[in-house]
Student: 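My questions will all concern the structure given below.
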Amino acid sequence: MMKTNMRVNEMMVASGSVIGARMTIMGKAACSPAQSDYAEIGGMVQEKVVAIGKVNQALVEQWSVMLADAAEQARHLSHLMFGGKPMGIGDLSGLAERWLAHGTRMITRTMDTGGLALAPVHEQATANARRLS
């Protein structure tokens, strides 16, 4: 979470410099269309579409892992419950340990999701800041 917070701050600083540089580019384009940087202007929308696609991919991958984990937990529980033998102390202890580990993974993955979603946007914003400065 601290790493994500640092990336948010870096992205905000980078975004400020990118917005300033691009406003200058667009202002020059409005004043002098023949000498405009149309590659930069045209790339603004495309880069956002690519970044959003990467964000969606990261979120879908994370969600898929979490769903697969939950399905495996449900499969294991149903196997124990309907396996045809009564659960003993060892089974209950193992089940509690397994569900605690599962809960920890789910919480950790949930906290990681913000960083995964931020990563492509952070990457693009900081790359633009370096390129335009």
Side-chain angles (χ1 to χ4, degrees):
M1 290 176 70
M2 288 176 57
K3 185 176 180 181
T4 299
N5 184 46
M6 288 174 45
R7 284 189 172 171
V8 166
N9 290 332
E10 289 173 354
M11 187 184 71
M12 296 305 288
V13 170
S15 294
S17 69
V18 169
I19 290 168
R22 284 184 169 168
M23 291 300 289
T24 301
I25 290 168
M26 290 187 290
K28 287 179 182 176
C31 294
S32 183
Q35 287 93 26
S36 298
D37 186 353
Y38 290 108
E40 183 66 30
I41 294 169
M44 285 188 247
V45 173
Q46 179 185 357
E47 75 183 21
K48 286 168 183 55
V49 170
V50 170
I52 289 170
K54 289 179 181 179
V55 168
N56 287 336
Q57 181 180 355
L59 292 175
V60 166
E61 287 172 3
Q62 183 76 334
W63 183 245
S64 296
V65 169
M66 292 172 74
L67 287 175
D69 192 346
E72 173 56 26
Q73 290 302 105
R75 186 207 60 77
H76 180 260
L77 180 61
S78 67
H79 176 73
L80 283 177
M81 290 177 66
F82 303 112
K85 67 174 189 141
M87 292 197 313
I89 295 294
D91 293 326
L92 292 174
S93 175
L95 186 61
E97 185 177 321
R98 183 180 177 101
W99 278 92
L100 181 61
H102 168 71
T104 302
R105 286 192 306 273
M106 295 302 257
I107 290 168
T108 302
R109 287 184 179 130
T110 300
M111 290 188 305
D112 289 346
T113 301
L116 292 172
L118 176 67
V121 179
H122 172 271
E123 180 182 328
Q124 188 64 55
T126 55
N128 284 343
R130 285 189 301 275
R131 183 175 49 77
L132 293 170
S133 62

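Keep in mind it's a predicted model, so treat the numbers as computed, not measured. All heavy atoms count here, side chains included; hydrogens, waters and symmetry mates do not.
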Student: Under the 3.5 angstrom rule, does the side chain of Ser36 hit a backbone N or O of Pro33 as a donor-acceptor pair?
Tutor: yes

Student: Taking side-chain hydrogen bond (donor to acceptor under 3.5 Å, both in side chains) as the definition, give me every residue that meets it alongside Gln35, ordered by chain and number, with sequence neighbours left out.
Tutor: Ser32

Student: Taking only residues two or more places apart in sequence, or in another chain, which ones meet Ala117 in a side-chain contact (heavy atoms from CB on, under 4.5 Å)?
Tutor: Val55, Leu59

Student: Take atom NZ in Lys48; do more than 12 heavy atoms of anything else shown fall under 6.0 Å from it?
Tutor: yes

Student: So, do Thr110 and Gln62 sit near enough that their side-chain heavy atoms are less than 4.5 Å apart?
Tutor: no

Student: Less than 4.5 Å apart, any side-chain heavy atom of Asp91 and any of Lys85?
Tutor: yes

Student: Evaluate whether atom CE of Met87 has more than 12 neighbouring non-hydrogen atoms of other residues, nucleotides or ligands under 6.0 angstrom away.
Tutor: yes

Student: Determine whether more than 12 heavy atoms belonging to other residues, nucleotides or ligands lie under 6.0 Å from atom CE of Met6.
Tutor: no

Student: Minimum heavy-atom separation for His122 to Arg7, with atom names?
Tutor: CD2-O, 3.2 Å

Student: For Gln73, which residues count as a side-chain contact (heavy atoms from CB on, under 4.5 Å) partner, sequence neighbours excluded?
Tutor: Asp69, Arg98, Trp99, His102, Arg105

Student: To the closest 0.5 Å, what do you measure between CD1 (Ile19) and CG (Asn128)?
Tutor: 11.0 Å

Student: Counting distance only, does the side-chain N/O of Gln124 pair as donor-acceptor with the main-chain N or O of Glu47 below 3.5 Å?
Tutor: no

